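Beneath this line is the structure, given in structure tokens, with notes to follow.
Note that the structure is predicted; figures quoted are calculated from it, not measured. Chain identifiers are assigned alphabetically (A, B, ...) following the order of the sequence lines, protein sequences preceding nucleic acid strands; residue numbering begins at 1 within each chain.
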Amino acid sequence: MLEFAADIEHTDRKTLFAEVILPLAISKNYTYRVPYEQNDAVAIGKRVVVQFGKSKLYTAVVKALGELAPEKYEAKYIIEVLDDKPVVTAKQLEFWEWLADYYMCNIGEVMNAALPAALKLASETKIVLNPEQVDKDTLHDKEFLIVEALEIQPELTVSDIAKLLGQKTVMPILKQMFEKNIINISEEVSERYKPRKKTFITLNPVYNNSENLRELFPILEKRAPKQADALLAYIKLARHQKNITKNELIEESGAGESSIKSLIEKDILFAEERNVSRLHHEEDGEPGNTFDLSVPQAEVLQSIRTQFKEKDVTLLHGVTSSGKTQIYIRLIEEMVLNGRQVLYLLPEIALTTHIIERLRMYFGADIGVYHSRFNDNERVEVWQKVLSGEYKIVLGARSSVFLPFNDLGLIIVDEEHETSYKQYDPAPRYNARDAAVFLANRHAGKVLLGSATPSFESYYNARTHKYGFVELAERFGGVELPVVEVVSIAAETKQKTIQSHFTGVLMDGIKQALENKEQVILFQNRRGYAPILMCKICAYTPKCINCDVSLTYHKSSGKLHCHYCGYREDTPNICPACGSTHLEYKGFGTEKIEDELSVLLPEARIARMDLDTTRSRNSLQSILNNLEEKKIDILVGTQMVAKGLDFSDVTLIGIINADSLLKFPDYRANERGYQLLAQVSGRAGRRGKQGKVVIQTYDIYHRVLKQVIENNYLDLYLTEMEERRNFAYPPFYRIINLDIKHKNPDVLSNQATYIAARLREHFGERVIGPEPPLVSRIRNYYIQSIMLKFEKDGISIVKAKSVLRDVITQFQTTKLSTGSIIQPDVDPY
DNA sequence: AGCACGCCGACT
DNA sequence: GTCGGCGTGCTC
């Protein structure tokens, strides 16, 4: 009735309808009606609270506004407009749409990945006890349990109750209890972002007159000496700093909170609560530190500028330690002077305090940092500062492509080949590098891709002149490239010069380095102690109950770990299959290398760097600090040592077994193997001391090893390209991967075959799979892959995607489809 | 993603 | 008989 009345009163006013994006994996957008009084408040890009479904409330983003009422249904009202100003820009909405289309997911999923969680409040169903006392005797067992739990903890969620009762469907019970007035069910939304507040203290301006102050002191000293102390402390602090917080004052004066409170009550001091930033800010930092580029660097910089005149994307191929960062800094400087924004993308692991400090030295507080170790509130603050234009420069990982830039002049993608730019599991399965190319284009900005070992896609694009190309072949400051030596494990085993996993050559190198007080890095591409535990009698090996992969023994925990899902179990003493006690560890990981090395070299200070030792927030940083401060002689690590060290001063690098690096089960094995070897090797050497790399292998004549020794990336590229052309792989071919998931392997197999058959109707031989050996089990789901290949000049990827979309839609409405999830994944083109 | 509804097998 | 699991469809 009220609504009706409102209608009549405002007939002269427009009725607005808003199309909104909901943060859910649903394929449509929904339209809500704007209450009249909010007509001026709604705008595209603002967040609104809407009810979706029976009771849930969600934060949605307004995508479009219109006056046309939907014909087929009655639109619900928008409950609330959350923002004064849009938090999402028009350019971002365009970007979201492109991502959803390109990576074949829903725009809601993109929104989910893009917005920091604190901006996406959703209601939670809270179960609370009805205040009226209930007669417990009338309750069923389950109802009794719930009531008891609520007496201890007044608020429970639906999933809490499901856990409590040990059953999956609890809604019917809760509904019944609600009808019997035992409980209340409420939907609560709360803003999750809370500004951080601090109390600042200022002196009543009356006392800025020193005479007044002088009069005040004797009175205070006599009656309240503590307060006099506090006041003195304030005056002392005020000499050096503008803003004084209450806590600082308490600390400085040694007076308690009560004395300060009294001073405030006497109007001698004023207290004021202000919002403060959680983000790092240097108090009056000294930006603008200068440096000079070397001649080759300056030439490269000039050449990048020239390329940018014609090309939107330029690839910088620069060997490790060639000083790419300094070139980036110059380019960033120029862009900021033009008043435009810059995004500097780095793989997560490379975002250490070292690189952040280095950039802050040049750019002061204008630089924002955005990565996954930030909590939600910190992310929202970065988001807002990018939106307001306060941050001209953002240094961030993959997800920072989602920040609300206004005018992005340049995106730098450092270590462009890194696979961590690609998000795999939840949709959108995007590659930040490729997304950056689109994003920059929309802002009429440029992209600089930088790498010592570019991905073949980018290299191909550069060689075919789609991208600009600049090379920097010299290391900065006259540092020589390291000497690489390949050592045969087989030969040394025969000669018995090998000790556990260390060849004589490597061992001599290590001892020499220790004698010279130099540091060593040993690289082993596997964490844990041993990847396989096997019964010598019956060959039984413990496997993960979820994933069907062999469990890795970890000595530090004494347990068997699954490296896919994190499942752990106790290490058996006797074989669970045959009861024998002859269990054997097969293979070796970083833990074992560290262990054996400490026996062979008891006096050396050995540390380990892998996922297990860097899990907590600061442990990576502390390992890096110890390395820099020379508290570590030998660092044993996984890929991380190749990627996380930006400044090391190490003279010897040992690769324990190169074979495992060159035998990835996919067509990019050689590319990845080379990249990793080159990256690890690149850490060796410093000014005035040539580094050395020892590669241990069974396969000393492997083509890639030769290419690594000769530092000949072009040769690797050309030979690999030839193979890819023959086997129809990218970049000559485009690929869409389709993963099908199901709990039941037989159903999965049927469905995969069915889908492949449907796809073959359209694409014939271009459809590969489902490949039976590819059935893998992760987190209780079986997965099977189907690959779609397209000749570069054959069917366009747009057509391919539209057909795929059809097949998927059809498949999802077919009876066959029970429970399966389809994940299309588009190769980077 | 939730949530409701309906069907079907495994128990009091 | 009914409880709870699972599949299916819908949400502006």
- Query: Taking only residues two or more places apart in sequence, or in another chain, which ones meet A:K120 in a side-chain hydrogen bond (donor to acceptor under 3.5 Å, both in side chains)?
  - Reply: A:N112

- Task: Please identify each residue that fulfils side-chain hydrogen bond (donor to acceptor under 3.5 Å, both in side chains) with A:K559, with sequence neighbours left out.
- Result: A:D570

- Query: What string of B, S and - do you get for nucleotides 2-12 of chain B, 5' to 3', when a contact is any protein heavy atom under 4.0 Å?
  - Reply: SSS--------

- Can you tell me the distance, in whole Å, between the CG atom of A:N29 and the P atom of C:dT11? 15 Å

- Quick one: A:E109 CD to B:dA1 P, roughly how many Å, whole number? 7 Å

- Message: With a sphere of 6.0 Å drawn around NZ of A:K180, does it hold more than 12 non-hydrogen atoms of other residues, nucleotides or ligands?
- Response: yes

- Task: Rounded off to whole Å, could you give me the CZ-to-C1' distance for the A:F17 and C:dC12 pair?
- Result: 11 Å

- Item | Ring geometry between A:F438 and A:F95 (parallel below 30°, tilted from 30 to 60°, perpendicular above 60°) | parallel

- Rounding to a whole Å, what distance do you find between A:D141:CG and C:dC3:C1'? 14 Å

- Item | A:Y567: side-chain hydrogen bond (donor to acceptor under 3.5 Å, both in side chains) partners, not counting sequence neighbours | A:E569

- Item | Whole-Å distance separating the CG atom of A:L22 from the P atom of C:dT11 | 13 Å

- Message: In this structure, how many angstroms lie between the P atom of C:dC10 and the CZ atom of A:F52, rounded?
- Response: 12 Å

- Task: Applying salt bridge (charged side-chain N to carboxylate O under 4.0 Å, His left out), name anything that partners A:K63, two or more places apart in sequence or on another chain.
- Result: A:E19, A:E97

- Task: Indicate, with a heavy-atom threshold strictly under 4.0 Å, whether A:T31 touches base, sugar-phosphate, or nothing.
- Result: base

- Take the protein atom CD1 of A:I26 and the nucleotide atom P of C:dG9, then report the distance between them rounded to whole Å. 17 Å

- With respect to the side chain of A:K168, which nucleotide from C:dT11, C:dC12, C:dC6 is positioned closest? C:dC6

- Among the nucleotides C:dT11, C:dC6, B:dA1, whichever has the atom closest to the side chain of A:Y30 is C:dT11

- Query: When we call it a touch if two heavy atoms are under 4.0 Å apart, what does A:K72 touch: a base, just sugar-phosphate, or nothing?
  - Reply: nothing

- Query: Among pairs that include at least one residue of residues 68-80 of chain A, which meet salt bridge (Lys or Arg N to Asp or Glu O under 4.0 Å), considering only residues two or more places apart or in two chains?
  - Reply: none

- Query: So does A:Y73 reach the base of C:dC12 with its side chain, donor to acceptor, closer than 3.5 Å?
  - Reply: yes

